[in-house]
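Some notes on the structure that comes next.
Naming: A, B, ... by sequence-line order, numbering from 1 per chain.
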Number of protein chains: 2
Amino acid sequence: MAPRLPSTSRSLPIALIRAREGVMAPIREMLADTGITEQQWRVLRVLSEYGPLDASTLADRASLLFPSLTRIATTMREKGLITQTRDSDDRRRQFIRIAPAGEQIIDDHTAQAAQIVAGFRETLGDAQYETLLDLLGRLDPGARS
Amino acid sequence: MAPRLPSTSRSLPIALIRAREGVMAPIREMLADTGITEQQWRVLRVLSEYGPLDASTLADRASLLFPSLTRIATTMREKGLITQTRDSDDRRRQFIRIAPAGEQIIDDHTAQAAQIVAGFRETLGDAQYETLLDLLGRLDPGARS
DNA sequence: CCACTCTATTTAACATGTTAATTACTGTGA
DNA sequence: TCACAGTAATTAACATGTTAAATAGAGTGG
């Protein structure tokens, strides 16, 4: 029963980090000339898909911690990528919506981003790509199974 | 041929982030009382497994960027978790080795860490756990397939 | 109305991620 | 030996991750 840790070469956390790096590298490269980060890209993607959202929901869907979102939103507002408005019913709450400049970035890069995703899908094959997403989902405690 | 991005709910990068968060949360919790971070734990694990390493190799095996390792190593040296020595042959190069206090942290937490890993393996099942590691490996451009 | 509690968000402090520039040292060829 | 290219590591600057504390507004029972 001697408890043994797997070699770091077969460590799940490290494998996740490296895979993420492998997947994000081309996306970061794509975004390099736009001056936005991968997290800002994620915020734009979520807003573009779901429409205006309150900050909590946005943070959740973009997988950002709240303090990170606060800073990111400030940056993005200053860049004119989003707009922030207070909820008049509950003035603690805030709504965030994508601005035209933000939409533009999405429009300009959707095709290329889709191509990058398609490349990974092809690398693994459709079936295994879906398998991977399912397995990853089972490691996410937030996912309602 | 309209290029379409997948919904963010089926996005590979987001799935990787969430899975990593799910896997790391219990490990961070385990480390909370030691005062070391998950990255410092990774450094200790690699040093413990491979013995003394030069900084480049250590950064590579722990999946840390070099500037991060520089800061982390400084912190860990000040805490007495590692020692750093210059290579006398090539004085640019540096060797890093784990110190007794570092060994102690590894020893104190190996059992619990192994149990956490075992939990995830059980969640997915042995076969799917291995499948996951293999699929993740195929997304890592650094992995020689 | 008021103390109290809860919730949404922000701020603070420190650690790491990321890219670019810089420093220190090594090896090489003129 | 000296200028120069290359390598190992550090430093700098900015963005995000992470946890804890602080603010601000909303809701509730007395």
Next on the checklist: Could you tell me how far apart B:Asp60 (CG) and D:dA9 (C1') are, to the nearest whole angstrom?
Outcome noted: 15 Å
Checklist outcome for this item: A:Ile96 atom CD1 is separated from C:dA8 atom P, nearest whole Å, by 14 Å
Next on the checklist: For the CG atom of A:Leu124 and the OG1 atom of A:Thr131, what is their distance to the nearest 0.5 Å?
Outcome noted: 9.5 Å
Next on the checklist: Using heavy-atom distances to pick each residue's nearest nucleotide on DNA chain C, tell me which of A:Thr74 and A:Arg93 is more 5'.
Outcome noted: A:Arg93
Checklist outcome for this item: For A:Lys79 and A:Gly35, the nearest pair of non-hydrogen atoms, with its separation, is NZ-O, 2.9 Å
Next on the checklist: Less than 4.0 angstrom between a side-chain N/O of A:Gln94 and OP1 or OP2 of C:dT10, yes or no?
Outcome noted: yes
Checklist entry - Heavy-atom count around B:Arg10 CZ within 6.0 Å, excluding the residue itself: above 12? => result yes
Listing time: all N or O pairs from protein to nucleotides 14-17 of chain C that are below 3.5 Å?
residue	atom	partner	partner atom	Å
C:dT16	OP1	B:Thr37	OG1	3.0
C:dT16	OP1	B:Gln40	NE2	3.3
C:dT16	O3'	B:Gln39	NE2	3.0
C:dG17	OP2	B:Ser68	OG	2.8
C:dG17	N7	B:Arg71	NH2	2.7
C:dG17	O6	B:Arg71	NH1	3.0

Item to check | Polar side-chain atom of A:Arg20 near backbone of B:Leu16 as donor-acceptor pair, under 3.5 Å | outcome: no
Checklist entry - Counting just side-chain N and O atoms, does A:Ser56 come under 4.0 Å of either OP1 or OP2 of C:dT9? => result yes
Checklist entry - When the distance from CG of A:Asp87 to C1' of D:dA24 is rounded to whole Å, what number comes out? => result 14 Å
Checklist entry - Rounded to whole angstroms, how far apart are CG on A:Asp54 and C1' on D:dG25? => result 15 Å
Next on the checklist: If I take atom CZ in residue A:Phe66 and atom C1' in nucleotide D:dT18, what distance separates them, rounded to the nearest angstrom?
Outcome noted: 15 Å
Next on the checklist: I'd like to know whether A:Glu21 forms a salt bridge (Lys or Arg N to Asp or Glu O under 4.0 Å) with A:Arg28, so could you lay out the CA-CA distance, the side-chain angles of the two residues, the decisive distance to 0.1 Å, and finally the verdict.
Outcome noted: CA-CA 10 Å; A:Glu21 172 54 26; A:Arg28 264 205 302 276; 2.9 Å; yes
Checklist entry - For the pair made of CZ in B:Arg77 and C1' in D:dA9, what is the distance, rounded to whole Å? => result 13 Å
Next on the checklist: Across nucleotides 20-25 of chain C, 5' to 3', mark each nucleotide with B, S or - according to how protein heavy atoms within less than 4.0 Å reach it.
Outcome noted: B---BB
Checklist entry - In whole Å, what is the span from the CG atom of A:Leu31 to the P atom of C:dT19? => result 11 Å
Item to check | Backbone N/O of A:Met24 and side chain of A:Glu38: donor-acceptor pair under 3.5 Å | outcome: no
Checklist entry - Is the backbone of A:Met30 close enough, under 3.5 Å, to the side chain of A:Gln112 for a donor and an acceptor to pair up by distance? => result no
Checklist entry - Of the non-hydrogen atoms in B:Pro13 and A:Val23, which two are nearest, and what is the gap between them? => result CG-CG1, 3.8 Å
Checklist entry - Can B:Arg97 and B:Glu103 be counted as an ion pair, charged N to O under 4.0 angstrom? => result no
Next on the checklist: Please report the distance, rounded to the nearest Å, between CG in A:Leu58 and C1' in C:dT9.
Outcome noted: 13 Å
